[in-house]
Amino acid sequence: MSYNKVVPALVKSSSDNIKRICLSHGRFRSTVASTQRDEVEGGKEKQVDECTVVKAAQADLIIQSKNTTDAQTQKIEIDFDNTHEAYKSKDNIELLRSLLVFKLCTFDFLVDKNKELMDLSKKVFGQRLFERLMKMTFYGQFVAGEDHNSIKPLIHKNQAFGVGSVLDYSVEEDLTQEEKKYKAHRQFGDRRGGVISARTYFYADEAKCDNQMETFLNCIKASGGASVDGFSAIKMTALGRPQFLLQFSEVLVKWRRFFILLAAQQGKSGMDALEQKLELEQLKESLTKLGVGNKDDIENWFTGEKLGSSGTIDLLDWNSLINDRTSISNLLVIPNVETGQLEPLLRKFTVEEEKQMKRMLQRVDVLAKHAVENGVRLMVDAEQTYFQPAISRLTLEMQRIFNREKPIIFNTYQCYLKEAYDNVSVDVELSRREGWYFGAKLVRGAYMYQERSRAEEIGYEDPINPDYEATNRMYHKCLEFVLEEIDHNRKANVMVASHNEDTVKFTLEKMNQMGLSPTENKVYFGQLLGMCDQISFPLGQAGFPVYKYVPYGPVNEVIPYLSRRALENRGFMKGSQRERSLLWMELKRRLLSGQILYKPVY
């Protein structure tokens, strides 16, 4: 049974939304011209998303100047060096804890052996004392609390200072003894090896996926109950068998590569994705010559669907051919780009695989509905490139359903990927044509070392940009494109998820140029709890929608998360001492001014 034959089967046993999530069949015609896409140079920091050193002009925290020609437009500048305002939500003990934790993260031995040292500490001090020590240091710095009730004081305090929350129940299971017996398949690589900034899930069975869905549901409910207009984060690989995502991704990648091959035959290689428009008559001839189908079949693919009415086919038109209403998906053979041999686009599912796919789509649908009911926006995390095409497609289908009136579902785009700009621009164009709200979170990326080692091992082109400067340029290029879309029709929304101060300043500058007010809630900023408070809190107090990624869970069960934070902090703390210097500056200011027992007032 093919991917597309699964869809009618799902309809009989599930809601209409499940059908629409799988592979919806809307037709896309362009009604809006593409916006400008100039590439902008990024910063030149060495570590991804670190807090970079920026020479800021001496100024007040917030400077607002009325535009004489438009009384409604305000230019806002923020001084990220104003430690009094940046740390007014922290008492002196919290400042000292931050200094201690960040300093410890610079010692290689402590970071490399952090798991072993935590296990040893537990044995030496006992469980109770160990938990107390963790809450005084790493756990207290990076984790909000043990459950949805204990995190409320921190969430409410941050809200009082203008900072919202993206809740994430950060309980992570290490490999069981049984799982450790299995060797990672080379297609997947070692899904934990080399991954510092992101969590990975291993498929055990459907019951485990149901349990992980319940965890996400509890997180959505906690987010709705603890904050207004909050976010909740989910991972697709936690909701079903990753093999389905891998196979579905292969179908999407094959289909896109076929389009690129046909574009090259028409002399249109090297263009941005949306600029590649295939001449319809040439396309029909090429498909016939390649032996993809007979002339009558190929003619039927483009009739009755309003495709090619302008005489050309673009990538969105091409993608729309894969759906449950046309025979092309069931019969199509396409040339393998590497071998030149014809091969089927789709493979058949077993009965068991059909059931697993159906359950995965149902879980996704349940989470989206609960997010709507609880007034929470759902952020779908990006994952490895061999899963990401399927994850993005399923997320897009959710956006089509749930983003009709406002942005509920947000997709994540990893800008260290060479194809990041094409991915963003194609999805923005689709949202224009269909009239729903585009929601994106832009990150630099979390799987760089793993992706590169897998590409080398299996023998395909490295999907990652060559260096950090190239990633910066890609991030700013994608960000500027989305900002211009917001300026154009106010239906796009973006979270700038970055610890990079230059990127934040770049965003503020563009918002000022475009007259985008922070009160419109179209541009959000995001940082991790316990990191770069000198960025988050000045933004929040200036009225910008800014969010902390807030993990929570029992001490023992979030140790893998804390281990990753220690590894990540070593990277950016070695690259920049800015945050530590600002913390020392504020602590000395308080001591010299007699504020030894300073307590935040809110």
Side-chain angles (χ1 to χ4, degrees), residues 15 17-18 20-22 24 148 151 155 164-170 198-199 201 209-240 245 359-383 387-388 390-414 424 427 430-431 436-443 482 491-497 521-526 528 545-552:
S15 66
N17 283 348
I18 297 296
R20 294 161 71 190
I21 286 178
C22 184
S24 69
H148 65 276
I151 67 177
I155 290 174
S165 300
V166 180
L167 293 193
D168 178 61
Y169 189 65
S170 293
R199 187 180 345 170
Y201 289 89
C209 292
D210 286 335
N211 290 336
Q212 286 165 172
M213 181 189 71
E214 288 297 325
T215 296
F216 290 144
L217 286 174
N218 291 333
C219 192
I220 289 170
K221 292 174 185 175
S223 183
S227 60
V228 178
D229 287 335
F231 283 92
S232 189
I234 66 169
K235 275 187 178 285
M236 286 287 190
T237 51
L239 299 173
L245 294 173
R359 289 290 299 133
M360 184 178 196
L361 298 176
Q362 288 173 333
R363 293 181 189 111
V364 170
D365 190 54
V366 166
L367 291 173
K369 286 178 177 177
H370 274 72
V372 173
E373 291 169 4
N374 286 272
V376 174
R377 288 161 291 185
L378 208 57
M379 197 170 283
V380 181
D381 285 343
E383 304 193 47
F387 297 134
Q388 193 55 44
I391 291 170
S392 291
R393 181 62 182 261
L394 294 175
T395 304
L396 184 148
E397 300 301 335
M398 285 199 293
Q399 290 178 317
R400 281 170 155 164
I401 298 166
F402 297 101
N403 285 15
R404 286 291 169 183
E405 297 180 0
K406 60 181 179 179
I408 297 292
I409 310 298
F410 281 66
N411 198 4
T412 301
Y413 297 87
Q414 300 184 100
V424 170
D427 289 353
L430 180 60
S431 71
W436 44 268
Y437 285 80
F438 176 78
K441 178 176 75 168
L442 297 183
V443 300
V482 180
K491 291 193 80 170
N493 299 261
V494 64
M495 174 171 280
V496 183
N521 289 328
K522 297 295 181 183
V523 181
Y524 315 92
F525 296 88
L528 292 169
V546 59
Y547 292 82
K548 285 291 191 183
Y549 190 96
V550 178
Y552 68 100

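Residue numbers run from 1 in the order of the sequence given.
Between Val482 and Phe438, some side-chain heavy-atom pair lies under the 4.5 Å cut-off. Within the 4.5 Å cutoff, the side chain of Val366 has heavy atoms near those of the Leu217 side chain. A heavy-atom distance below 4.5 Å is found between the side chains of Asp210 and Arg359. In this structure the side chain of Arg377 reaches within 4.5 angstrom of the side chain of Tyr524, judged on heavy atoms.
Once rounded to the nearest 0.5 Å, the distance linking CD of Glu397 with CG of Leu361 reads 10.0 Å. Atoms CZ and CH2, on Arg400 and Trp436 in that order, are 7.0 Å from each other to the nearest 0.5 Å. Atom-to-atom distance recorded for Ser223:OG and Ile151:CD1 is 8.5 Å, nearest 0.5 angstrom. For the atom pair Leu167 CG and Lys221 NZ, the distance stands at 14.5 Å (nearest 0.5 Å). Rounding to the nearest 0.5 Å gives a distance of 9.5 Å between OG of Ser232 and CG of Asn374. Atom OG1 of residue Thr237 and atom CD of residue Glu383 lie 3.0 Å apart, to the nearest 0.5 angstrom.
Across Val380 and Thr412, no two heavy atoms sit closer than the pair O-OG1, 2.7 Å. Between Asn493 and Pro407, the shortest heavy-atom contact is ND2-CG, 3.4 Å. Contact detail for Tyr552 and Cys219: the closest heavy-atom pair is OH-CA, 3.5 Å. Heavy-atom minimum distance, Gly240 versus Arg363: CA-NH1, 4.1 Å. In terms of heavy-atom proximity, Val376 sits nearest to Gly224 at CG2-N, 3.4 Å. Smallest separation of non-hydrogen atoms from Met360 and Met236: CE-O, 3.3 Å.
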Checklist line | side chain to side chain contact (heavy atoms under 4.5 Å, CB included) between Leu396 and Asp427, intermediate numbers included | finding: CA-CA 8 Å; Leu396 184 148; Asp427 289 353; 3.6 Å; yes
- Message: If you apply the rule side chain to side chain contact (heavy atoms under 4.5 Å, CB included), what do you find for Met495 with Phe231, and how did you get there?
- Response: CA-CA 11 Å; Met495 174 171 280; Phe231 283 92; 3.9 Å; yes
In sequence, state the C-alpha distance, the side-chain angles, and the governing distance for Phe402 and Asp365, and then conclude on side chain to side chain contact (heavy atoms under 4.5 Å, CB included).
CA-CA 10 Å; Phe402 297 101; Asp365 190 54; 3.8 Å; yes
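Using a distance-only test at 3.5 Å, with no hydrogens or angles considered, no donor-acceptor pair links the side chain of Lys548 to the main chain of Ser165.
Residue Ile234 forms a side-chain contact (heavy atoms from CB on, under 4.5 Å) with just one option from Asp381, Val364, Leu367, Asp168, and that option is Leu367. Each of Ile409, Leu430, Leu394, Ile408 was checked for a side-chain contact (heavy atoms from CB on, under 4.5 Å) with Gln399, and the lone residue meeting it is Ile409.
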